[in-house]
> 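My structure is below; once you've seen it, I'll send some questions.
All figures in this text were calculated on a predicted structure; none of them were measured in a lab.
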Amino acid sequence: MKIDNIDRKILELLTANGRMSYSDIGKELDLSRVSVRERVNQLIKNDVIEKFSVVINSEKMGKNVSAFFEVDCEPSFLVEVAQKLADNPCVSSCYQMTGPSTLHMHVLVDDFVALEKFINNELYSLEGITRVESHILLRRFKSRSGMKL
């Protein structure tokens, strides 16, 4: 699917406000509601739009500690370790990276007691991990989900 300027503008509007109606998008872009709906449906069908979601403020939900981890693994354990970490509800993201660290992950927990419990019981207990480095988030200057056009 080729993305044209109208599709890009629709994506920009939906990125800014995922609840924006097709009618309001149409008014903004001088298109009919039906035309906008058809374009959005094509973007969904072609996996340009993966999903519509809600972004929740983790601190408002009691997740007051945000930590990033760099985890080195023995190659034969990489996929197993990554899958176990990805399945953990404290882990918000987990990526295989290039560079000195094998896995990079983001963890959200209630407090430092919960962070210590995660590190000792969930992370250090996994076979195949050779090194763990952690970084605690002090202040967020920018955060974004997905790609911005």
Side-chain angles (χ1 to χ4, degrees), residues 1-22 24-25 28-29 36-149:
M1 172 180 187
K2 182 159 172 59
I3 307 298
D4 64 16
N5 285 337
I6 294 172
D7 292 329
R8 286 184 183 280
K9 289 176 183 174
I10 290 170
L11 291 168
E12 286 174 9
L13 291 169
L14 287 173
T15 299
N17 178 4
R19 295 183 63 177
M20 190 173 197
S21 71
Y22 295 156
D24 289 342
I25 293 170
E28 186 86 22
L29 303 179
V36 172
R37 186 186 74 224
E38 289 173 359
R39 283 178 172 269
V40 170
N41 286 340
Q42 280 300 309
L43 292 166
I44 293 168
K45 180 181 174 187
N46 288 291
D47 294 325
V48 175
I49 296 175
E50 292 181 351
K51 67 179 179 176
F52 291 89
S53 65
V54 173
V55 178
I56 298 171
N57 182 321
S58 58
E59 291 176 3
K60 301 278 186 189
M61 297 300 295
K63 303 298 180 190
N64 297 306
V65 176
S66 178
F68 295 88
F69 289 88
E70 295 172 17
V71 180
D72 286 343
C73 300
E74 295 175 22
S76 61
F77 287 94
L78 174 67
V79 172
E80 180 183 343
V81 167
Q83 287 173 339
K84 285 180 181 176
L85 291 171
D87 289 341
N88 189 297
C90 296
V91 176
S92 65
S93 61
C94 184
Y95 303 99
Q96 181 179 2
M97 304 292 285
T98 61
S101 179
T102 308
L103 296 175
H104 179 81
M105 67 178 178
H106 180 226
V107 172
L108 293 166
V109 292
D110 293 349
D111 52 32
F112 286 105
V113 171
L115 182 63
E116 180 183 11
K117 182 178 176 185
F118 171 80
I119 291 169
N120 290 330
N121 299 343
E122 307 292 332
L123 191 55
Y124 288 164
S125 66
L126 292 176
E127 186 178 5
I129 292 179
T130 58
R131 184 186 72 85
V132 174
E133 187 175 321
S134 63
H135 307 276
I136 306 299
L137 177 72
L138 297 177
R139 180 169 41 160
R140 186 181 327 266
F141 290 102
K142 182 178 182 178
S143 181
R144 181 176 73 220
S145 298
M147 185 184 119
K148 187 160 179 116
L149 297 177

> Nearest 0.5 Å, please: how far is CZ in F68 from NE2 in H104?
6.0 Å
> Does some side-chain heavy atom of V48 sit less than 4.5 Å from a side-chain heavy atom of I3?
yes
> Do you know the tightest heavy-atom contact between S134 and F69?
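Shortest heavy-atom separation between S134 and F69 comes out as CB-CE2, 3.4 Å.
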> Looking only at heavy atoms, what is the nearest atom pair of E127 and V81, with distance?
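For E127 and V81, the tightest heavy-atom pair comes out as O-CG2, 3.4 Å.
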> Got a second to check how far S66's OG is from I136's CD1, nearest 0.5 Å?
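Between S66 OG and I136 CD1, I get 8.0 Å after rounding to 0.5 Å.
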> Side chain to side chain contact (heavy atoms under 4.5 Å, CB included), that's the test. Do V132 and E70 meet it? Break it down for me.
CA-CA 6 Å; V132 174; E70 295 172 17; over 6 Å; no
> Please examine the side chains of L14 and I25, heavy atoms only from C-beta on, and report whether any two atoms are closer than 4.5 Å.
yes
> Minimum heavy-atom separation for F52 and G18, please, with both atom names.
CD2-O, 4.3 Å
> Could I get the full list of salt bridge (charged side-chain N to carboxylate O under 4.0 Å, His left out) partners for D110, not counting sequence neighbours?
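Partners of D110 under the salt bridge (charged side-chain N to carboxylate O under 4.0 Å, His left out) test: K63.
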> I would like to know whether R37 and R39 meet side chain to side chain contact (heavy atoms under 4.5 Å, CB included); could you show each step before the answer?
CA-CA 5 Å; R37 186 186 74 224; R39 283 178 172 269; over 6 Å; no
> Supply the atom-to-atom distance K9 NZ to E28 CD, rounded to the nearest 0.5 angstrom.
10.0 Å
> Can you see which heavy atom on C73 is nearest to which on L78, and at what distance?
CB-CA, 4.3 Å
> Give, for atom NZ of K117 and atom CG of D111, the distance between the pair rounded to the nearest 0.5 Å.
10.5 Å
> Between L108 and V65, does the side chain to side chain contact (heavy atoms under 4.5 Å, CB included) criterion hold? Intermediate values first, please.
CA-CA 6 Å; L108 293 166; V65 176; over 6 Å; no
> Measure from the side-chain N and O atoms of D72 to the backbone N and O of T102, and report whether any donor-acceptor pair falls under 3.5 Å.
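Checking the backbone N and O of T102 against the side chain of D72, a donor-acceptor pair under 3.5 Å is found.
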> Show the nearest heavy-atom pair for residues D7 and D4, with the distance to one decimal.
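Smallest heavy-atom distance, with atoms named: N-OD1, 2.8 Å.
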> Quick test of your reading of the model: are E80 and K84 salt-bridged, counting only N-O distances below 4.0 Å?
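Salt bridge present between E80 and K84.
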> Roughly how far, to the nearest 0.5 Å, is SG of C90 from CG of L85?
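Output value for this atom pair is 10.5 Å.
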> Take atom CE of M61 as the centre, draw a 6.0 Å sphere, and report whether it contains more than 12 heavy atoms from other residues, nucleotides or ligands.
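Not more than 12 within 6.0 Å, no.
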> Decide yes or no for M105 and L123: does some side-chain heavy atom of the first lie under 4.5 Å from some side-chain heavy atom of the second?
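In short, these two side chains touch, coming nearer than 4.5 Å.
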> Tell me, with the steps shown, if E116 and I119 meet side chain to side chain contact (heavy atoms under 4.5 Å, CB included).
CA-CA 5 Å; E116 180 183 11; I119 291 169; 5.8 Å; no
> Sorted by first residue and then second, give each side-chain hydrogen bond (donor to acceptor under 3.5 Å, both in side chains) pair with at least one member in residues 44-55; sequence neighbours left out.
Q42-N46
> Ignoring hydrogens, what is the shortest heavy-atom contact between I10 and L43? Give both atom names and the distance.
CG2-CD1, 4.5 Å
> Rounded to the nearest 0.5 Å, what separates atom CG in L13 from atom CG in D24?
9.5 Å
> Any side-chain donor paired with an acceptor under 3.5 Å for H106 and S93?
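No pair is found: no donor N or O on one side chain lies under 3.5 Å from an acceptor on the other.
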